[in-house]
Peer 1: 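Following this message is one structure expressed as structure tokens.
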There are 2 protein chains.
Amino acid sequence: MNKDEFTRATDILNDYIQSRPLKYSEKRLVILRALLDSNRHLTAEELHSIVKDKDASIGIATIYRTLRLFTECGISGELTLDGSTTRYYPALGKAHHDHLICIKCGKVVNIVSPGIEKTQEKLARENGFTLESHRLDLFGICSDCQK
Amino acid sequence: MNKDEFTRATDILNDYIQSRPLKYSEKRLVILRALLDSNRHLTAEELHSIVKDKDASIGIATIYRTLRLFTECGISGELTLDGSTTRYYPALGKAHHDHLICIKCGKVVNIVSPGIEKTQEKLARENGFTLESHRLDLFGICSDCQK
DNA sequence: ATCAATCATGATAATAATTATCATTATCAT
DNA sequence: ATGATAATGATAATTATTATCATGATTGAT
């Protein structure tokens, strides 16, 4: 859908691949395009079923392997809600974001709050921690589901 | 360890049991005491191995069933980090709290920040959501592990 | 105290998501 | 082209958790 985004993602991916003992693969590009096009938070299974329309030979194991690779090099992110299935989403070039999740329909909205981030730093410092990352998920009911 | 806490917990539990078709069980009290005494974030397996010293007949299924019951009636809480094992902790009478987690040693510190809660409410409202709950986990390195 | 109804439990089978294994195929530097 | 090694598909293995089911415990009515 967004050509620039795909190009930027492949650039990052290629750099990552060339900086370590990895090799090119066409299938990774098919998976990448599907992930970027959907622009949703997908499970590995969902992505697999989308991708199979383009290349029926791609197996579920490759989906998992590839998503891990994408997450390692920063072009996708992972979201796990309460010990259940992990969902993957394009994270390229986006600032770190948190999630607002509708507990009725499952919709996920990305949110950003620099204010919260600062408070988090302070809390960590007060407890002697060096902060590495965080996860903030807000659960509620979206406007559609309130009707 | 803390007798008042145990008494308060059993009161809540008894009320809960009597308010629906449930029956008394001694084993639940053994599990409750172990959970309160440890005062840590335990996996079901960890709690099971602690509890077996008191009553070797308690099986892992009962641990899971009982922890779910405790969480339902508010005397324990659940914490799941990134799709892995769920940990359970005493939540009785504690205000809602977030977690500060050491990524080296696994230590979990409870934190409270009214400021963050308010910002969350605002973010939810801005996106048309009614907020129900949230989960905030900060990942970092604790003072011990920085040495 | 007895009894019947039904909840609680232990052992274990089942499930679901993810990862590991391994034989085969593709890539890449020479 | 070739040899080394990464990528892949199919599937076995793993892990945490839940469901099943036969048995034992609790409760309320008699």
Side-chain angles (χ1 to χ4, degrees), chain A residues 10 13-32 34 41-73 76-89 106, chain B residues 10 13-32 34 41-73 76-89 106:
Chain A
T10 50
L13 185 58
N14 287 335
D15 286 354
Y16 192 82
I17 285 169
Q18 274 153 31
S19 73
R20 53 203 76 201
L22 299 173
K23 285 175 183 170
Y24 172 89
S25 146
E26 183 69 31
K27 295 186 178 185
R28 287 202 275 244
L29 298 186
V30 174
I31 296 170
L32 176 58
H41 291 69
L42 298 167
T43 64
E45 290 287 356
E46 286 168 353
L47 185 56
H48 187 211
S49 80
I50 292 171
V51 146
K52 274 196 292 192
D53 293 341
K54 294 281 180 181
D55 181 345
S57 78
I58 294 177
I60 186 67
T62 292
I63 301 289
Y64 278 107
R65 281 187 287 239
T66 302
L67 285 170
R68 192 189 317 167
L69 176 66
F70 287 176
T71 300
E72 274 171 27
C73 67
S76 73
E78 301 180 357
L79 170 65
T80 308
L81 300 179
D82 271 329
S84 69
T85 317
T86 299
R87 290 176 174 275
Y88 302 84
Y89 56 91
Chain B
T10 51
L13 184 58
N14 287 335
D15 286 354
Y16 192 83
I17 284 170
Q18 274 152 32
S19 72
R20 54 202 74 201
L22 298 174
K23 286 175 182 168
Y24 172 87
S25 147
E26 182 70 31
K27 294 186 179 188
R28 286 202 274 245
L29 298 186
V30 174
I31 296 169
L32 177 58
H41 291 69
L42 298 167
T43 65
E45 289 286 356
E46 285 168 353
L47 186 56
H48 187 213
S49 79
I50 291 171
V51 147
K52 274 196 293 191
D53 293 341
K54 294 281 179 183
D55 181 344
S57 79
I58 295 177
I60 186 67
T62 293
I63 301 288
Y64 278 107
R65 281 187 287 241
T66 303
L67 285 170
R68 193 188 319 167
L69 176 66
F70 288 176
T71 301
E72 273 171 28
C73 66
S76 72
E78 300 181 356
L79 169 65
T80 308
L81 301 179
D82 270 330
S84 69
T85 317
T86 299
R87 289 176 175 274
Y88 303 83
Y89 56 91

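All heavy atoms count here, side chains included; hydrogens, waters and symmetry mates do not. So you know, we letter chains A, B, ... as the sequences are listed, proteins then strands, and number each from 1. Quantities reported herein were computed from a predicted structural model and do not represent experimental measurements.
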Peer 1: To the nearest Å, how far apart are B/Leu42 CG and D/dA16 P?
Peer 2: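 Taking CG of B/Leu42 and P of D/dA16, I get 15 Å after rounding.
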Peer 1: Once you round it to whole Å, what is the distance between C1' of C/dT15 and CD of A/Glu45?
Peer 2: 13 Å
Peer 1: Just how far, in rounded Å, is C1' of D/dA6 from CZ of A/Arg28?
Peer 2: 8 Å
Peer 1: Can the positive tip of A/Arg20 be found less than 6.0 Å from the middle of the six-membered ring of A/Tyr16, inside 45° of the ring normal?
Peer 2: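 Positive - A/Arg20 is close enough to the ring of A/Tyr16 and near enough to its axis.
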Peer 1: First locate atom CD1 of B/Ile50, then atom NZ of B/Lys52, and finally report the distance between them rounded to the nearest 0.5 Å.
Peer 2: 11.5 Å
Peer 1: Would you mind classifying the nucleic acid contact of B/Arg65 as base, sugar-phosphate or nothing, using non-hydrogen atoms under 4.0 angstrom?
Peer 2: base
Peer 1: Search all heavy atoms of A/His48 against all heavy atoms of A/Gly59 and return the closest pair with its distance.
Peer 2: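 In this case the closest contact between A/His48 and A/Gly59 is NE2-C, 3.6 Å.
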Peer 1: Of the nucleotides D/dA7, C/dT19, C/dC7, which has the atom closest to the A/Arg68 side chain?
Peer 2: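 From the listed options, C/dT19 comes nearest.
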Peer 1: OP1 or OP2 of D/dT17 versus the side-chain N and O atoms of B/Thr86: is any pair under 4.0 Å?
Peer 2: yes
Peer 1: Given that B/Ser25 and A/Ile17 both sit by DNA chain D, which one's nearest nucleotide is further toward the 5' end?
Peer 2: A/Ile17
Peer 1: Rounded to whole Å, how long is the line connecting atom CG of A/Leu79 with atom P of C/dT18?
Peer 2: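 About 12 Å, once rounded to whole Å.
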Peer 1: Rounded off to whole Å, could you give me the CD1-to-C1' distance for the A/Ile63 and C/dA16 pair?
Peer 2: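 The answer, rounded to whole Å, is 18 Å.
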Peer 1: Does any donor-acceptor pair link the side chain of B/Lys23 with the base of C/dT6 at a separation under 3.5 Å?
Peer 2: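 By the distance-only test, yes, there is a pair.
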Peer 1: Please tell me which of the listed nucleotides, D/dT11, C/dT12, D/dT8, lies nearest to the side chain of A/Ala61?
Peer 2: D/dT11
Peer 1: Over 60° means perpendicular and under 30° means parallel, so tell me whether A/His41 and A/Tyr89 are parallel, tilted or perpendicular.
Peer 2: tilted
Peer 1: If C/dT30 has a Watson-Crick or G-U wobble mate with both distances under 3.5 Å, name it; if not, just say none.
Peer 2: D/dA1
Peer 1: Pick base, sugar-phosphate or nothing for B/Thr43, based on heavy-atom distances below 4.0 Å to the nucleic acid.
Peer 2: nothing
Peer 1: To the nearest Å, give me how far apart CG (A/Leu69) and P (D/dA6) are.
Peer 2: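 Taking CG of A/Leu69 and P of D/dA6, I get 14 Å after rounding.
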Peer 1: Name the residue closer to the 5' end of DNA chain C, choosing between A/Tyr64 and B/Ile60 according to the nucleotide with the nearest heavy atom.
Peer 2: B/Ile60
Peer 1: Could you state the NE2-P distance from A/His48 to D/dG9, rounded to the nearest angstrom?
Peer 2: 8 Å
Peer 1: Can you tell me which nucleotide in C/dA20, D/dA6, D/dT18 comes closest to the side chain of A/Leu22?
Peer 2: D/dA6
Peer 1: Given side chains that start at C-beta, do those of A/Glu26 and A/Asp55 come closer than 4.5 Å, heavy atoms only?
Peer 2: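 No, their side chains stay 4.5 Å or more apart.
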Peer 1: Within the structure shown, what part of the strands sits under 4.0 Å from A/Tyr24 by heavy-atom distance: base, sugar-phosphate, or nothing?
Peer 2: sugar-phosphate
Peer 1: To the nearest Å, how far apart are B/Asp55 CG and D/dA25 P?
Peer 2: 12 Å
